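Since we're looking at a predicted model, the values are computed, not measured.
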Amino acid sequence: MSRIPLPAPESMTEEQKRVYDHIVSGPRGRLVGPLRAALHSPALAERWQALGALLRFGTSLPPRVSELAIIVTARRWNSQIEWHIHAQAARAAGISDAILDAIRARAEPAFEQRDDEVVYEFSRQLQETGQVDPALYAEAVRRWEAVGVVELTAVIGYYTMVSMTLNAHEIPMPDDAPGPLDTPSQDGRPALSRLAPLAGKEQG
């Protein structure tokens, strides 16, 4: 159960209902996840959904790149809903179950494409250290140009905000689905996940 009440269409204010209708008529198709909380502030929800739609559906990056970065972010933050939704999207983008299973288990994935290795390590390093290795960053620029690396970084940052919102308010899973992720602990308290680095493949 959510820690806060989540606005339902029948009880929404006029402004909330306007934003809600705009969200469900777009590519998302329904209201799930952090926007359920954000609707408490319609102005925030409106801008949030616009940024999210751009970063998920409107960047120069191939869906496979974006969805892999989102999956790494979901695992880092132990974000159940984010993983649930984007594991499906990642499969549709061509990421194998073996890769998803390895990331979910915090094991080293056996990638077959260098693009995937670069995205995984870029996302992992940025979230675990706050930095990206210079050689890896340069390789990302060669692959997706400056605009792509700016967008990739924004995707990781946006879905970090999504994860924090889902976790902080304990937004319930859609369709009563079970949580797909375990949550590691440290000193008896929940901890962020540490993902396995790719041995010897951080640099291009």
Side-chain angles (χ1 to χ4, degrees), residues 26-28 33-35 38 44 46-79 81-96 98-100 102-104 106-167 181 192-204:
R28 291 182 178 86
L35 288 171
L44 172 62
E46 186 167 40
R47 289 158 178 81
W48 185 314
Q49 73 84 21
L51 178 60
L54 172 64
L55 290 174
R56 186 173 181 190
F57 304 109
T59 72
S60 65
L61 298 169
R64 184 184 183 104
V65 169
S66 297
E67 293 300 334
L68 180 54
I70 295 168
I71 282 296
V72 173
T73 304
R75 177 67 273 193
R76 170 62 172 163
W77 287 90
N78 310 311
S79 179
I81 297 176
E82 191 166 305
W83 181 279
H84 173 74
I85 292 172
H86 289 279
Q88 299 174 48
R91 289 188 190 95
I95 297 173
S96 70
I99 295 298
L100 293 173
I103 295 173
R104 183 171 54 200
R106 298 184 295 277
E108 182 180 353
F111 292 114
E112 295 182 356
Q113 299 183 26
R114 180 57 184 166
D115 277 6
D116 292 347
E117 292 177 345
V118 173
V119 173
Y120 175 86
E121 267 302 303
F122 191 105
S123 304
R124 185 193 68 80
Q125 289 183 16
L126 184 58
Q127 293 183 88
E128 290 192 2
T129 72
Q131 304 291 330
V132 177
D133 176 86
L136 180 67
Y137 185 93
E139 183 176 0
V141 172
R142 290 196 299 271
R143 289 173 182 275
W144 300 295
E145 301 184 343
V147 61
V149 177
V150 168
E151 290 169 342
L152 176 59
T153 305
V155 166
I156 296 164
Y158 172 79
Y159 281 95
T160 294
M161 179 176 72
V162 168
S163 295
M164 295 170 100
T165 300
L166 293 169
N167 290 353
L181 303 175
L192 298 181
S193 286
R194 293 190 63 83
L195 283 80
L198 299 183
K201 296 182 179 179
E202 292 87 346
Q203 300 183 9

Report, as yes or no, whether the 6.0 Å neighbourhood of atom [atom1] on [X] holds more than 12 heavy atoms from other residues, nucleotides or ligands.
X	atom1	value
R91	CZ	yes
E128	CD	yes
M164	CE	no

Spatial distance of atom [atom1] ([X]) from atom [atom2] ([Y]) [nearest 0.5 Å]:
X	Y	atom1	atom2	value
F122	Q127	CZ	CD	10.5 Å
Y137	Q131	OH	CD	11.5 Å
L136	E117	CG	CD	10.5 Å
E145	R143	CD	CZ	13.0 Å
L100	H86	CG	NE2	12.5 Å
F57	T59	CZ	OG1	11.0 Å

For the residue pair [X] and [Y], what are the closest heavy atoms and their distance?
X	Y	value
G33	I81	CA-CG2, 4.4 Å
N167	W77	ND2-O, 2.9 Å
I71	A90	CG1-CB, 4.1 Å
P34	T165	CB-CG2, 3.8 Å
L61	G148	CD2-O, 3.6 Å
S123	I156	OG-CD1, 3.5 Å

Item to check | Contact check, side chains of F111 and L68, non-hydrogen atoms, under 4.5 Å | outcome: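 With C-beta onward as the side chain, the pair touches.
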Checklist entry - Can you find a heavy atom in the side chain of R194 that is under 4.5 Å from one in the side chain of R106? => result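 Of all side-chain heavy-atom pairs linking R106 with R194, none is under 4.5 Å.
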Item to check | Member of L126, L198, V72 meeting the side chain to side chain contact (heavy atoms under 4.5 Å, CB included) criterion with E121 | outcome: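 Only one option passes, and that is L198.
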Next on the checklist: Filter on salt bridge (Lys or Arg N to Asp or Glu O under 4.0 Å), then keep only pairs touching residues 63-72, sequence neighbours left out; what's left?
Outcome noted: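 As it turns out, the salt bridge (Lys or Arg N to Asp or Glu O under 4.0 Å) pairs with a partner in residues 63-72, which skip direct neighbours, are R56-E67, R64-D116.
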side-chain hydrogen bond (donor to acceptor under 3.5 Å, both in side chains) against [X], all qualifying residues, sequence neighbours excluded:
X	answer
S60	E151
R104	D101
S163	E82
S66	none

Item to check | R76 side-chain N/O to S193 backbone N/O, donor-acceptor pair under 3.5 Å | outcome: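 Between the backbone of S193 and the side chain of R76 there is a qualifying donor-acceptor contact (under 3.5 Å).
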Next on the checklist: Test of understanding: with side chain to side chain contact (heavy atoms under 4.5 Å, CB included), list the residues that count as partners of L51, not counting sequence neighbours.
Outcome noted: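 For L51, the residues satisfying side chain to side chain contact (heavy atoms under 4.5 Å, CB included) (neighbours in sequence not counted) are L55, Y158.
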